[in-house]
Visitor: 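This is the structure I have questions about; it appears just below.
The chains referred to below are lettered A, B, ... by the order of the sequence lines, with proteins before strands, and numbering in each begins at 1. Please read all numbers here as calculations on a predicted model, not as lab measurements.
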2 protein chains.
Amino acid sequence: MVEALLLALRARDAIDPDEVAIVAGLVDEVAMVPAKRTVLKRGVPLSHSILLIEGMMCRYKDMRNGSRQISAIHVPGDFLDLHGFTLKHLDHDVMALTAAKVAYVPHDRLTRMTEQYPHLTRLFWFLTNLDAAMHREWEVSLGQRSGAARTAHLFCELYTRLALVGKAEPDGFAFPINQTELGECLGMTSVHTNRVLRDLRERGLLDFRRGVAKLLDPEGLKRVAEFDPAYLYLDSRPR
Amino acid sequence: MVEALLLALRARDAIDPDEVAIVAGLVDEVAMVPAKRTVLKRGVPLSHSILLIEGMMCRYKDMRNGSRQISAIHVPGDFLDLHGFTLKHLDHDVMALTAAKVAYVPHDRLTRMTEQYPHLTRLFWFLTNLDAAMHREWEVSLGQRSGAARTAHLFCELYTRLALVGKAEPDGFAFPINQTELGECLGMTSVHTNRVLRDLRERGLLDFRRGVAKLLDPEGLKRVAEFDPAYLYLDSRPR
DNA sequence: CGACGCATTGACTCCCGTCAATAAATGTGG
DNA sequence: CCACATTTATTGACGGGAGTCAATGCGTCG
């Protein structure tokens, strides 16, 4: 159940067998979620956090005019709302992009973890700081990168993160999202997203169609994106 | 020394006197920093976190073409790099916008805090989650808001945060930043920033000149910005 | 007083949004 | 398996917000 989470943690620090058991013991129930379902609404008091086991989800905020900004994409092994443990309610919504499987982690178990297991506490704290690091990189994308570079960057990031939990193919990955939603990640309209995707395809960099991403030229894509995975903290060291 | 931090914490949860002493005891040395100085460089191993006592700073990332994105502004009471405690090195730089006063908090003291004081640990964890919430709101600004709305939003946010630590006047606040740097927060060039500021001034919403921001029409500014302070979590409750 | 940083403005360009039409893919019921 | 509806992708035409380049003005300070 927590295998993907352990892969993510082990990429950042050593986890001993006791800790594996404790992490596994955090999970209460497991549930299935249909695609497109909003699973967390802003402002609602929280009593548990949700670990994504299978599928993909996203965090987003809606504007009054109907537009939407997606602020993060979630892959298996990610918590959707570990930050909700200390925030107590969210400032954003979370929605399933695909049918998904999730595990519930009651906040009282996390509280107990903070009382008894400081190293795991720091690791979980690290996970929320990693979320923030990704948010910062998205700020850079939205503020400074061109449409094409920002699109390329998103695909580089997702490839890296999915590969870490064994969900990527050698040349690409499944990314079941439409162009409207992709545009909502990138701060672009679906029309412009479509044009950017055509441009990247014609340049032999990326082919994204029908929910499948093929990295035609990974190195070229990284170059266009100015992608440096340092912000993903893929170095195992004591935390 | 830690008064502003305590103001920020008390706005979010009750702090008992023992905890005040522990927080005060986290601080090691205090230092002055001249304006424009980069105080933290990405990638450098960290052994302490830095609390901002006086002045303003920012987090930023530089692009290869010389452009820069500022991803956060810091006010007194903010940690510049509390996330560095678990990340161990930063993914961004931090620079002083003004002359500033900072306090060093050794990581080993924070580690001891995680071992002995779970409630304070959760509060400090909360602070980093608050950073992430602000990053998310900036993503929304950069992705969805127009230049004028995003500028208005930034000033609304800063007014709220500065007022919380007693650094705002009734009708505005000191914000010692030039239009180039302001543009780097907003993902715009300095030229366009200038035009947006003129527009907001002519509309009677905001007057920002020579490092001083006057909110001419706070309600109108909030309306233009679609500013909802919920993401700043200004509700005191057990964490 | 002169140098420098910063602010302001104009002219021009272009990336990207808007509006709209059409095609292609997907789903659904009979 | 077909007919139809719905969603999604694609493309064109047009306009506007924001970038670029460049000139000028202004405030500060050694």
Visitor: Parallel, tilted or perpendicular, judged at 30° and 60°: which one describes the rings of Phe175(A) and Phe155(A)?
Guide: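 Aromatic pair Phe175(A)/Phe155(A) classed perpendicular.
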
Visitor: Tell me which donor-acceptor pairs under 3.5 Å the side chains of residues 218-232 of chain A have, and how far apart each pair is, sequence neighbours excluded?
Guide:
residue	atom	partner	partner atom	Å
Glu226(A)	OE2	Arg64(B)	N	2.9
Asp228(A)	OD1	Ala230(A)	N	2.9
Tyr231(A)	OH	Glu157(A)	OE1	2.6

Visitor: Between Arg68(B) and Asp62(B), does at least one N-O distance fall below 4.0 Å, as a salt bridge requires?
Guide: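 So Arg68(B) pairs with Asp62(B) through a salt bridge.
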
Visitor: Through what angle, rounded to 10 degrees, does the axis of the helix from dC1(C)-dG30(D) to dG30(C)-dC1(D) turn between its ends, using five pairs per end?
Guide: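 It comes to 40° between the two terminal axes.
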
Visitor: Which nucleotide span of DNA chain C, 5' end to 3' end, has atoms closer than 4.0 Å to non-hydrogen atoms of chain A?
Guide: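 Counting from the 5' end, contacts occupy dC16(C) to dT26(C).
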
Visitor: Side chains of residues 184-192 of chain B: which donor-acceptor pairs under 3.5 Å do they make with residues two or more places apart or in other chains?
Guide:
residue	atom	partner	partner atom	Å
Thr189(B)	OG1	His192(B)	N	3.2

Visitor: Select base, sugar-phosphate, or nothing to describe what Gly187(B) touches, counting heavy atoms under 4.0 Å on all strands.
Guide: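 The answer is sugar-phosphate, as Gly187(B) gets under 4.0 Å only of primed atoms, P, OP1 or OP2.
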
Visitor: Among His135(A), Lys61(A), Gln69(A), which one satisfies side chain to side chain donor-acceptor pair (under 3.5 Å) with Glu139(B)?
Guide: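 Answer after filtering His135(A), Lys61(A), Gln69(A): His135(A).
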
Visitor: Show the numbers, then the answer: is there a salt bridge (Lys or Arg N to Asp or Glu O under 4.0 Å) between Lys88(B) and Asp235(A)?
Guide: CA-CA 10 Å; Lys88(B) 299 305 178 198; Asp235(A) 48 345; over 6 Å; no

Visitor: Output yes when Glu137(B) and Arg145(B) qualify as a salt bridge under the 4.0 Å nitrogen-oxygen rule, no when they do not.
Guide: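 Answer for the salt bridge query: yes.
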
Visitor: Starting at atom CG of Asp199(B), determine the distance to atom P of dG16(D), rounded to an integer number of angstrom.
Guide: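 Computing the Asp199(B):CG to dG16(D):P distance gives 16 Å.
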
Visitor: Before accepting this row, confirm whether a basic side-chain N of the pair Asp78(A)/Arg161(A) lies closer than 4.0 Å to the acidic partner's carboxylate O.
Guide: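 Looking at Arg161(A) together with Asp78(A), the answer is yes, because their closest N to O distance falls below 4.0 Å.
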
Visitor: Would you check if Thr160(B) and Leu234(B) make a side-chain contact, meaning some heavy-atom pair closer than 4.5 Å?
Guide: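 Thr160(B) reaches Leu234(B) side chain to side chain.
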
Visitor: Give every pair of a protein N or O atom and an N or O atom of nucleotides 9-14 of chain D that lie under 3.5 Å apart, one pair per line with the distance.
Guide:
residue	atom	partner	partner atom	Å
dA9(D)	OP2	Gln179(A)	N	2.8
dT10(D)	OP2	Gln179(A)	NE2	2.7
dT10(D)	OP2	Asn194(A)	ND2	2.6
dT10(D)	O5'	Asn194(A)	ND2	3.2
dT11(D)	OP2	Arg198(A)	NE	2.9
dG12(D)	N7	Arg195(A)	NH2	2.7
dG12(D)	O6	Arg195(A)	NH2	3.3
dA13(D)	N6	Arg195(A)	NH2	3.4

Visitor: Under the ring-ring contact (aromatic ring centres under 6.0 Å, His included) definition, can you give me all pairs with a residue in residues 43-63 of chain A, not counting sequence neighbours?
Guide: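 Output for this query lists His48(A)-Tyr104(A).
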
